S.K.: 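Can you read through this structure? Questions will come right after.
This one's a predicted model, so the numbers in the text were calculated from it and none came from an experiment. The residues of the chain are indexed from 1 along the displayed sequence. Each ligand, and each atom within it, is numbered from 1 in the order the structure gives.
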Amino acid sequence: MNIYHMSYTQKFVGERMAMLSFKGCNFECIGCLRKRNECDLYAEERKYIDWNFENILTELDELKPHRIYLGGYEPTLDPDLMIIIERITKLGAHIVLMTNGSRIDTEYAKDLKKAGVNEIIIGIKAFDPEKHLYYTKRSI
Ligand code: SF4
């Protein structure tokens, strides 16, 4: 499991929202904000828990978020991602995957939907192949 951080707010456009942050990325973006700060910049409080998936699920169950965002670095690199999604789907929240899109093809998108993802946000760094390579060190 690549999840290294969880943040939560009650004030996300009138809804409760939790964000699970995943370690690791296959891009090396010049302007990557995660390289500056890996955790939530705006957190007013911090809480430390024994870091395992069951405890994360327990926290989420207590917080009852309307939305759960999967983000951080690149969630799709986590070999456990589908299992994680299947487990958090049972909490009844709207699940949003934030990704650089490098691993998304039709079959993978179908698998994500089947696992329980409701929405995917793809951050496209550049449409021009040369600019993309320069900015991310990865070709499109
Ligand atoms: S894709 Fe996102 S997490 Fe990965 S290096 Fe680029 S900005 Fe950072």
S.K.: Does CG belonging to Asp50 count more than 12 external heavy atoms closer than 6.0 Å?
M.R.: no
S.K.: Under 30°, 30 to 60°, or over 60°: which ring-plane class applies to Phe12 and Tyr69, parallel, tilted or perpendicular?
M.R.: perpendicular
S.K.: Give the residue and atom name of whichever protein heavy atom lies nearest to atom 3 (S) of ligand 1, and the separation in Å to one decimal.
M.R.: Tyr73 CA, 3.6 Å
S.K.: Please say whether more than 12 non-hydrogen atoms of neighbouring residues, nucleotides or ligands are located less than 6.0 Å from NZ in Lys35.
M.R.: yes
S.K.: Minimum distance, heavy atoms only, to atom 8 (Fe) of ligand 1: which one of Cys32, Gly24, Gly71 is it?
M.R.: Cys32
S.K.: Suppose we only count N/O/S atoms under 2.8 Å; would Cys29 qualify as near atom 6 (Fe) of ligand 1?
M.R.: yes
S.K.: Quick check on contacts: which atoms of ligand 1 are under 4.0 angstrom from a heavy atom of Asn100?
M.R.: 1 (S)
S.K.: Going by heavy-atom distance to atom 2 (Fe) of ligand 1, choose the closest among Glu74, Arg34, Lys125, Met98.
M.R.: Lys125
S.K.: Mind checking whether Lys35 has a heavy atom under 4.0 Å from ligand 1?
M.R.: no
S.K.: Under 3.5 Å, is there a donor-acceptor pair between the Asn2 and Asp80 side chains?
M.R.: no
S.K.: By number and element, which atoms of ligand 1 are closer than 4.0 Å to a non-hydrogen atom of Cys25?
M.R.: 1 (S), 3 (S), 4 (Fe), 5 (S)
S.K.: Only one of Met1, Glu38, Arg34, His5 clears side-chain contact (heavy atoms from CB on, under 4.5 Å) with Lys23; which?
M.R.: Glu38
S.K.: Could Arg138 and Glu28 be called an ion pair, given the rule that one side-chain N must be under 4.0 Å from one carboxylate O?
M.R.: no
